[in-house]
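Working notes for the structure below.
The analysis underlying the following values was restricted to heavy atoms, covering all of them including side chains, and did not include hydrogens, waters or symmetry mates.
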Amino acid sequence: MVISAKLVYFCDMDIINVNKTKAILKKRSVYVSLSLAFIVMMLFFPNEGKFPYEYHKGRPWMYETLIAPIDFPILKTEAELFAERDAAAAKVVPYYIYDETVAPLQQGTLAHMQIRHSIPSDMEKELAGVLEHVYETGIIPDNSDLPAGRTSYVIVQKERRATEQLLQDLFTVSSAQQYIKSDIKLNLPQYNADSLLALYGIDNLVQPNLIFSQQNTDLLHKEAMDFISPTKGMVYSGQLIVTEGETITAEIQQLLDSYKAEYEISYGYTGNLWQLYIAHAIVCIVVLLLVYVTIYFVNFNILTESNRFNFILLVVLMAFLITVFARRLDPQFMFMVPYAVFALYMMAFFRNKLVFPIYMISLLPLLIISENGIELYMLNAVAGGIALVSFSFLYRGWLQFLNSFIIFVGMFILHLAFRMMEGGVFDAANYTTIAFIFCNAFLVVAAYPLVFLLEKIFMLVSVATLKDLSDTNNRLLQELARKAPGTFQHSLQVANMAERAVLAIRGNSRLVKVGAMYHDIGKINNPQCFIENQAPGVEYHKGLSPQESAKEIIRHVADGVEIARKHNLPQIVVDFITSHHGRSQTAYFYTQYCNNGGDPANTFDFTYQGTLPTAKEQVVVMMADAVEAASRTLKDYSAESISKLVEGITSQRINDSQLAMADISIKEINVVKAVFKKHLQEIYHARIAYPPKKDGNSKRDVLVNEDTE
């Protein structure tokens, strides 16, 4: 009978799989989503020609001798640009504004002093002239007041005109005072200049009339830094760039980089645009086709679930669009894009065997769009691989930052390897790239919380949500433990058994645990109806007809769905509630009904109106639920009796076509049965009975059991 049941099961599964495959291939929503993704990719695909040569410094030129077909400027290297920017940053040109009010004010002060101190007229006249001269030339503060990093000249704005003036041609306060004293000594030798000038306080007449402007200095400095030419020299049409077999040096690489930049600009827009569009279309189709084929062969059930399929397409599109926009801003920014977070987004909702292939496909546009495509592809492939492994262990609190550090180390070592292949020289540009890689690793953790928004948008269930739902301290499970303690303990046992079994067939263990914990949640509404919750002496079903008892028992499925909806449990958890009995019967009350003379054809009143399990996780919970409940009725827990129990329940589920819609093979069912048998044998192992011990006082025998010690 068992062999016959297996053959029927195989035939049913073959028919179901064929029909399911046909239904998937005809599913229009899949093709609509793929078409929309294709349109988006085509709209944002950069309209640039692809440079036909691949080259690296330190390697030979593998193509024929290259002669410049067009004129193009020679681009400066990043190191040269950084050096010029550093030089400009260190070169500060002070900006001064001429104050027209200082000189007249000090001349007026001199006139008052002449009257108050009776300064000789010839000296007063000489002082007025020399003051006019120094103020006309310009007086700046002493050297201690000048900005750091100044040049040998300054900018002076007088009225509306700004001119450059040598610093040595201007007066400082000290040099102006000394100049006045020297002039008096030279032109009026009959006076003791030092004594008279000190007596009259002439030094106080010397005040700066060139006022330093920090705002204009900073603006001038910024313009000087921005006005750095990105090119140096030209290569003209017909000029030799590199010969066949020649080793590519830094100078040749600079010429090739310059030619590549000009090629992509010129040929991208002036060539045959239709030809370019066709090429882009082929690339987009191949990427999307690879996504489709990967899903089909790894888990084609995803193609039947629009939300999950559309989520994967969105991740692929996000990786593509962020690549395009980062390149438009600055190709260097592409080293900062945290592509690995896309792998983590998918890992939150899908099995690992699907995540990494899809992630690698989503990185493919890097090879085409980016100038450093190979390096960027490899760096982010490593980052994604590390993230998928390390994030499984380092996902709580500060450990997430340790995760980022590990990603950075992996990317840095690979980047170092690429630099070593090109000569091993590090310059300012390389250090900037390393800084971008560090930001990349940090942003992987910073951008991960977006997964909770995606979870809500696409109505998916993340790993974090499953962990929260499986926490026995949450409100709903606490209510189950309080109102139906027997059911709660039963659910824990089913969860342990199902989790262990589903791991053996590479299923989703977190999902199975949650499904098992909530599958009987409906018993909260009427716990005494079920024997595991009945208090001693309570006989709930006494006086009820078999039909009435069956109705009360069956109702816990509908009650469970209602409670799940009320507490906003995800649909994927609700599916465990509706499928854990499938369309099976309440065998005890049906048998009682038939024995009492009922019509055996009347099975409807005793049949659960749930859904048949479709996923292997649902099948495991259904079988674990039945096996765990039935195991409590065993009198003998030998290996033979446990094996007979598990085999009988499994065969009954197959014979009743409860697994007809399930995506599970006979091989996997056999593995699950073996795990169940081993699990029950370990739980119900033999206990050691201790010999009686004589009590010295009461002379009574005390039987000590292992569990009471």
Inset, instruction - May I have the step-by-step check of side chain to side chain donor-acceptor pair (under 3.5 Å) for Gln332 and Thr433, ending in yes or no? - result: CA-CA 7 Å; Gln332 196 78 355; Thr433 301; 2.5 Å; yes
Legend entry - Chi angles and distances behind the side chain to side chain donor-acceptor pair (under 3.5 Å) call for Tyr339, Thr323: CA-CA 9 Å; Tyr339 291 97; Thr323 299; 2.6 Å; yes
Inset, instruction - Please lay out, stage by stage, how Ser579 and Met622 fare under the test side-chain contact (heavy atoms from CB on, under 4.5 Å). - result: CA-CA 7 Å; Ser579 67; Met622 169 188 272; 5.7 Å; no
Legend entry - Trace of the side-chain contact (heavy atoms from CB on, under 4.5 Å) decision for Leu414 with Phe418: CA-CA 6 Å; Leu414 184 58; Phe418 272 93; 3.9 Å; yes
Legend entry - Steps toward side-chain contact (heavy atoms from CB on, under 4.5 Å) verdict (Leu290, Ile358): CA-CA 8 Å; Leu290 287 173; Ile358 295 293; over 6 Å; no
Inset, instruction - Given side-chain contact (heavy atoms from CB on, under 4.5 Å), test Leu388 with Val355 step by step and report yes or no. - result: CA-CA 9 Å; Leu388 290 174; Val355 171; 3.8 Å; yes
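A donor-acceptor pair under 3.5 Å is formed between the side chain of Asn310 and the backbone N or O of Ser306. Checking side-chain atoms of Ser258 against main-chain N and O of Gln254 turns up a donor-acceptor pair under 3.5 Å. A donor-acceptor pair is defined here as one N or O able to donate and one able to accept, closer than 3.5 Å; no such pair exists between the side chain of Tyr292 and the backbone of Leu303. The backbone N or O of Val512 lies less than 3.5 Å from no partner atom in the side chain of Glu617, so there is not a single donor-acceptor pair. In this structure a side-chain-to-backbone donor-acceptor pair under 3.5 Å is missing from Ser509 to Glu499. Between the side chain of Arg327 and the backbone N or O of Ile369 there is at least one donor-acceptor pair closer than 3.5 Å. In terms of modelled atom types and a separation under 3.5 Å, the side chain of Asp471 and the main chain of Asn474 share no donor-acceptor contact. A donor-acceptor pair is defined here as one N or O able to donate and one able to accept, closer than 3.5 Å; such a pair exists between the side chain of Tyr518 and the backbone of Leu469. Of the possible polar contacts, one joining the Thr578 side chain to the Asp575 backbone as a donor-acceptor pair under 3.5 Å is found. With hydrogens and angles ignored, the 3.5 Å screen pairs a side-chain donor or acceptor of His519 with a backbone N or O of Ala516.
For Glu455, there are no salt bridge (charged side-chain N to carboxylate O under 4.0 Å, His left out) partners at least two apart in sequence or on another chain. For the side-chain contact (heavy atoms from CB on, under 4.5 Å) test, residues two or more places apart in sequence or in another chain that qualify with Phe311 are Val315, Tyr345, Met346, Phe349, Phe350, Leu454, Phe458, Leu460. Partners of Phe438 under the ring-ring contact (aromatic ring centres under 6.0 Å, His included) rule, at least two apart in sequence or in another chain, are Phe408. In this view, Glu244 satisfies the salt bridge (charged side-chain N to carboxylate O under 4.0 Å, His left out) rule with no residue, not counting sequence neighbours. For Lys513, there are no salt bridge (charged side-chain N to carboxylate O under 4.0 Å, His left out) partners at least two apart in sequence or on another chain. Looking at residues two or more places apart in sequence or on another chain, you find a side-chain contact (heavy atoms from CB on, under 4.5 Å) between Ala340 and Tyr359, Ala383, Ala387, Val444.
Residues Gln571 and Arg565 form a side-chain contact, since some pair of their non-hydrogen atoms from C-beta on lies under 4.5 Å apart. Ile252 is not listed as a side-chain neighbour of Trp61, based on a closest heavy-atom distance of 4.5 Å or more. You'll find the side chain of Glu246 stays beyond 4.5 Å of the side chain of Pro60, heavy atoms only. Between Leu364 and Ile368 the shortest side-chain heavy-atom distance does not fall below 4.5 Å. Side-chain contact between Ile312 and Leu354 is present, with heavy atoms from C-beta onward closer than 4.5 Å. In this structure the side chain of Lys353 never reaches within 4.5 angstrom of the side chain of Arg506, judged on heavy atoms. Between Leu344 and Met347, the closest side-chain pair of non-hydrogen atoms falls below 4.5 Å. Annotation: side chain of Leu256 is in contact with side chain of Ile241 (closest heavy-atom distance under 4.5 Å).
To the nearest 0.5 Å, the span separating CG on Asn440 from CG on Asn380 amounts to 5.5 Å. Distance CZ/Phe442 to CZ/Phe405: 14.5 Å, rounded to 0.5 Å. Rounded to the nearest 0.5 Å, atoms CD (Gln618) and NE2 (His580) are 12.0 Å apart. Between atom CG of residue Asp468 and atom CG of residue Asn473 there is a gap of 11.5 Å, rounded to the nearest 0.5 Å. One distance of note links OG of Ser390 with CD1 of Ile407; it measures 5.0 Å at 0.5 Å rounding. The structure places CE of Met334 at 12.0 Å from CE of Met336, a figure rounded to the nearest 0.5 Å.
The two residues Tyr259 and Pro69 have their closest heavy-atom pair at OH-CG, 3.2 Å. Taking all atoms of both residues into account, the shortest heavy-atom contact from Leu288 to Leu34 is CD1-O, 3.6 Å. Smallest separation of non-hydrogen atoms from Ile505 and Glu668: CG2-O, 3.7 Å. Here the closest non-hydrogen pair linking Ile572 and Leu511 is CD1-CD2, 3.6 Å. The two residues Val621 and Val494 have their closest heavy-atom pair at O-CG1, 4.3 Å. Nearest heavy-atom pair across Leu317 and Ala37 is CD2-O, 3.7 Å.
Ring centers of Tyr277 and Phe45: at least 6.0 Å apart, outside the cut-off.
Counted within 6.0 Å of CE on Met378, heavy atoms from surrounding residues, nucleotides or ligands total 12 or fewer; the atom is thus considered open. Other residues, nucleotides and ligands contribute only 12 or fewer heavy atoms inside 6.0 Å of the CE atom of Met459.
Of the options Ile386, Ile406, Ile437, a side chain to side chain contact (heavy atoms under 4.5 Å, CB included) to Met411 is made by Ile437 and by none of the others.
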